[in-house]
Amino acid sequence: MLLLRAARASPAMAAVVRCKPTRLTPIAGLSSSSGGGRRKKAGRRGEAKPPPPPPQLRGGETKKKKKPDARTAAEAAQGLQRHHEVERRKKPPPPLTPPPPPKQEKAKRVVRWKCAAGCGACCKLDKGPDFPSPEEIFAEHPEDLKLYKSMIGADGWCINYDKSTRTCNIYEERPVFCRVEPKVFEEYFGVPSRPSTFDREACSACVDTIKMVYGEESAELTNFKRAIREEKTFLLEI
């Protein structure tokens with residue numbers, strides 16, 4: 001009624017009313033099976049998409065993965081082994097390690113006793129408490145003990161020793177125990193008569209006696225060591 005009244009009041013409005021009404025066609029995309037409404041929003045960002053369904057064969061059967069054949073795996077292993085063998089043959093052989101040099105035997109120390117001229121330290125018969133006493137040395141030789149004691153002077157030196165020339169007045173006729181020989185060392189001191197053992201013990205006895213009589217920094221000790229070195233060099237040159 002309102003529209004008719006408005007048409008009568010206005011010719012333009014009457015023209016609008018006379019127009020045939022247009023029928024709206026519903027859009028299928030806007031409607032939903034649930035009774036209409038807006039389209040559902042897509043899933044939130046970051047959510048994992050569901051995995052695609054497995055492909056189906058004819059009759060609704062699902063395609064299954066083939067299991068590796070045992071024969072195929074063995075052939076692959078053999079092929080890989082042949083490949084490694086070929087690569088190994090391509091590489092140059094490692095250099096041969098030379099054999100270690102033969103061990104050199106340690107050179108034996110050559111020591112040869114020699115009396116140094118102008119020393120006379122062995123003629124100091126009373127050597128003090130650091131050396132064996134005459135009673136210990138001549139325990140099995142009482143006659144030699146008696147002769148040894150008779151040769152000791154008031155100052156402890158041998159009465160046959162000439163201090164001015166540092167020589168022995170009876171050198172050619174001196175007693176047996178005054179001779180530095182292997183058999184004498186073995187009989188009185190128990191030193192084996194082997195040459196190497198005798199020379200080593202004789203040199204050691206002379207060094208100890210020279211140190212006691214003249215001192216460790218004495219010219220007599222230096223002279224004796226020089227004589228030993230000269231004797232050693234002479235033996236090596238022979």
Can you tell if the side chain of Glu186 reaches within under 4.5 Å of the side chain of Val191, non-hydrogen atoms only? no
Quick one: side chain to side chain donor-acceptor pair (under 3.5 Å) partners of Arg166, sequence neighbours excluded? Glu220
Could you give me the CA-CA distance, side-chain angles and deciding distance for His141 and Glu187, then say whether side chain to side chain contact (heavy atoms under 4.5 Å, CB included) is met? CA-CA 10 Å; His141 307 276; Glu187 183 176 357; 3.0 Å; yes
Measure the shortest side-chain to side-chain distance between Ser193 and Phe198 over non-hydrogen atoms and say whether it is less than 4.5 angstrom. no
Quick one: does Ile228's side chain get under 4.5 Å of Cys203's, heavy atoms only? yes
Which value, rounded to the nearest 0.5 Å, describes the distance between Glu217 atom CD and Lys211 atom NZ? 9.5 Å
Within-4.5 Å side-chain heavy-atom neighbours: Met212 and Asp130: no
Closest approach of Phe224 to Cys206 (non-hydrogen atoms, all atoms of both residues): CZ-CB, 3.5 Å
Between Tyr188 and Phe177, what is the ring plane arrangement, given parallel below 30°, perpendicular above 60°, and tilted in between? perpendicular
Would a 4.5 Å heavy-atom cut-off, applied to side chains only, mark Phe131 and Asp208 as touching? yes
Working note: Ile137 + Phe189, criterion side chain to side chain contact (heavy atoms under 4.5 Å, CB included); need CA distance, chi angles, decisive distance, verdict. CA-CA 7 Å; Ile137 298 173; Phe189 304 105; 4.1 Å; yes
Taking NZ in Lys225 as the centre, count heavy atoms belonging to other residues, nucleotides or ligands within less than 6.0 Å. Is the count above 12? no
Is the shortest heavy-atom distance from the side chain of Val207 to the side chain of Ile210 under 4.5 Å? no
Taking it one step at a time, do Lys163 and Asp155 satisfy salt bridge (charged side-chain N to carboxylate O under 4.0 Å, His left out)? CA-CA 12 Å; Lys163 294 181 180 179; Asp155 54 358; 2.3 Å; yes
On a heavy-atom basis, which atom in Gly215 and which in Ser218 lie closest, and how many Å separate them? O-OG, 2.8 Å
Got Leu125 and Tyr148 here, is their nearest side-chain heavy-atom distance under 4.5 Å? yes
Heavy-atom closest contact (Arg179 atom, Arg174 atom, distance): NH2-O, 3.2 Å
Side-chain ion pair, Lys149 and Asp144, N-O less than 4.0 Å: no
Can you tell me how far CE of Met151 sits from CG of Asn160, rounded to the nearest 0.5 angstrom? 5.0 Å
Heavy-atom side-chain proximity of Cys115 to Val180 below 4.5 angstrom: no
Closest heavy-atom pair and its distance - Lys124, Val213: CB-CG2, 4.0 Å
Nearest non-hydrogen partners of Cys119 and Tyr214, listed with the distance: O-OH, 2.6 Å
Is it the case that the side chain of Ser204 and the backbone of Glu201 share a donor-acceptor pair, with hydrogens and angles ignored and the cut-off at 3.5 Å? no
Distance (rounded to the nearest 0.5 Å) between Ile159 CD1 and Cys123 SG: 11.5 Å
Treating Ile, Leu, Val, Met, Phe, Trp and Tyr as nodes and any side-chain heavy-atom pair under 4.5 angstrom as an edge, say whether Tyr161 and Ile170 lie in one connected cluster. no
Scanning both residues in full, the closest heavy-atom pair of Phe138 with Leu145 reads CB-CB, 3.6 Å
Rounded to the nearest 0.5 Å, the CG atom of Asp162 sits from the CH2 atom of Trp157 at a distance of 11.5 Å
